Amino acid sequence: MADEYPEIENEVISFDEVEESWRGNSTPKRQFEDLILQEMDRIWESDPQTEGRPDKHLHVNAGIQGGWLYDLAFQEVKAQWVEQGIWKESWEYNEGGPGSMDLWKHEEPLQCVFLDPPKQTGHEARHHPKWKAEIIRQHEASRPINQFIYQLALERERLMGQEKEDASTFPDDINTQAYEIVHSRWVERHIWDEEWGLLPGMTWRHEQPPPEALATESEVDTDYSELPPLPAVVKQRKKHDARVQSMPAIAETKETSRPQRISNLELKKDSKGGKSSKRPRSSAKFADSHIETY
């Protein structure tokens, strides 16, 4: 086997390559499929007729599309997305929901999100345009933070429903318990970004450029040999600078070691009042001559 496929036998996949393969898990299609599988598992375990059966793996797996269990899970996840406002009407025509190239609503321009405004007239139409706020809400609902909060509230509601019959077993901090459940699911599905803090951010991992792309952009050196020739104005300016540099060297003054073209500004004294003249006198001393100006 090693002689037949040496390049496969010795191939080593780095952790960065594995991380890169997980970037697509946050797209609509992958998340919809993961949520359907999660819902299939929940339905199976909550049904007394199927709970604990050894053939669960034959009915609950990612390769199944169709059947009573899949259909129930599909409709439940779709209803949740409709409630959140992240379901698209174009997905109604797809048998499996979102396509592999589909984007979240917040990844598209806001004007592409269409919602029929209610027919309002008079004062209500002028001062209560709530349909505009609903368009913005649906456009932003697919961001990580908003989906996480929705799933957090849904899990909290389920936990409370499980404990209704026996109030003595009701958890002290049900919010923390719901948070840990949802957070662990996102980590297992590889959609949790390690750059986030306690709560998710505003963009999914697949929306961000890969780390190697950012590193490559910072390391690119500009090849100035490919730049176009300088304009004539710039060339004349360079010639002018060259002539200025070829002038005689400027002598250094006694007060400072820095070269100065014009130094020792002196005000000419008025012989009558002893006041200074408004016109200053300056002197410039070059290496080969001494010039005074008034």
Side-chain angles (χ1 to χ4, degrees), residues 12-42 61-62 73-74 76-88 90-91 96-110 112-113 135-159 173-220:
V12 178
I13 301 177
S14 65
F15 181 76
D16 293 339
E17 293 175 337
V18 176
E19 282 278 343
E20 180 64 23
S21 66
W22 291 336
R23 287 173 55 84
N25 289 13
S26 56
T27 60
K29 177 178 176 59
R30 294 293 297 273
Q31 291 212 47
F32 192 76
E33 294 173 345
D34 290 344
L35 289 175
I36 288 178
L37 183 61
Q38 174 185 309
E39 187 64 20
M40 291 171 64
D41 182 81
R42 187 193 68 81
N61 60 72
F74 183 96
E76 175 61 26
V77 175
K78 175 186 174 182
Q80 295 175 10
W81 282 29
V82 171
E83 183 179 17
Q84 294 178 76
I86 63 179
W87 180 263
K88 293 182 179 181
S90 60
W91 295 340
S100 58
M101 302 300 294
D102 288 339
L103 304 175
W104 295 109
K105 286 185 178 181
H106 72 269
E107 296 184 74
E108 300 174 338
L110 182 59
C112 291
V113 181
I135 289 179
I136 298 176
R137 187 196 69 81
Q138 292 190 16
H139 183 262
E140 298 295 311
S142 56
R143 294 190 180 276
I145 179 61
N146 296 326
Q147 291 201 47
F148 188 85
I149 292 177
Y150 176 86
Q151 295 180 24
L152 194 63
L154 184 63
E155 190 61 35
R156 181 180 182 276
E157 183 179 346
R158 288 174 176 172
L159 291 174
D173 194 350
I174 194 171
N175 294 325
T176 302
Q177 187 174 349
Y179 173 87
E180 292 176 350
I181 293 175
V182 177
H183 177 265
S184 63
R185 288 173 180 168
W186 282 37
V187 172
E188 292 175 1
R189 291 163 52 194
H190 305 290
I191 62 175
W192 184 268
D193 194 337
E194 296 298 334
E195 299 296 328
W196 294 339
L198 186 64
L199 293 173
M202 299 294 289
T203 56
W204 297 102
R205 294 180 63 184
H206 73 272
E207 300 181 63
Q208 306 169 9
E212 58 270 16
L214 297 176
T216 303
E217 291 179 1
S218 61
E219 294 175 359
V220 171

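Bear in mind that the values here come from a model prediction, so they are computed numbers and not experimental data.
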Are side-chain heavy atoms of H139 and I136 found at a separation under 4.5 Å?
-> no
Check against side chain to side chain contact (heavy atoms under 4.5 Å, CB included), Q38 and E188 | CA-CA 12 Å; Q38 174 185 309; E188 292 175 1; over 6 Å; no
Got a second to check how far I181's CD1 is from R158's CZ, nearest 0.5 Å?
-> 10.0 Å
Roughly how far apart are S142 OG and E108 CD, rounded to 0.5 Å?
-> 9.0 Å
What closest approach, in Å, do L35 and W81 show between heavy atoms, and which atom pair accounts for it?
-> CD1-NE1, 3.5 Å
Between H106 and E207, is any pair of side-chain heavy atoms under 4.5 Å apart?
-> yes
Where do K105 and G85 come nearest, in terms of heavy atoms and distance?
-> NZ-O, 2.8 Å
Nearest heavy-atom contact between L103 and P28 is C-CG, 3.7 Å
Report the relative orientation of the aromatic rings in W91 and W104; use parallel for angles under 30°, tilted for 30 to 60°, perpendicular for over 60°.
-> perpendicular
Closest heavy-atom contact between I174 and L159?
-> CD1-CB, 3.7 Å
Is any side-chain heavy atom of I191 closer than 4.5 Å to a side-chain heavy atom of R30?
-> no
Using distance alone, with no hydrogens and no angle criterion, decide if T27 and H206 have a side-chain donor and acceptor under 3.5 Å apart.
-> no
Where do Q138 and I86 land on the side chain to side chain contact (heavy atoms under 4.5 Å, CB included) test, with the steps shown first?
-> CA-CA 6 Å; Q138 292 190 16; I86 63 179; over 6 Å; no
Flag side-chain contact, heavy atom, 4.5 Å: K29 against D102 | no
Residues in ring-ring contact (aromatic ring centres under 6.0 Å, His included) with H190, at least two apart?
-> W22
By ring-ring contact (aromatic ring centres under 6.0 Å, His included) - contacts of F148 (at least two apart) | Y179, W186, W192
With a 4.5 Å limit on heavy-atom distance, are the side chains of R143 and T203 in contact?
-> yes
State, without any angle test, whether Q80 and Y150 hold a side-chain donor-acceptor pair at a distance under 3.5 Å.
-> no
For Q84 and R137, work out which heavy atoms get closest and say how close.
-> O-NH1, 3.0 Å
Taking C-beta and beyond as the side chain, do R185 and E155 meet within less than 4.5 Å on heavy atoms?
-> yes
If every non-hydrogen atom of A141 is compared with every non-hydrogen atom of Q147, which pair is closest and at what distance?
-> O-CG, 3.5 Å
Kindly compute the distance separating CZ (R205) from CZ (R23), expressed to the nearest 0.5 Å.
-> 7.0 Å
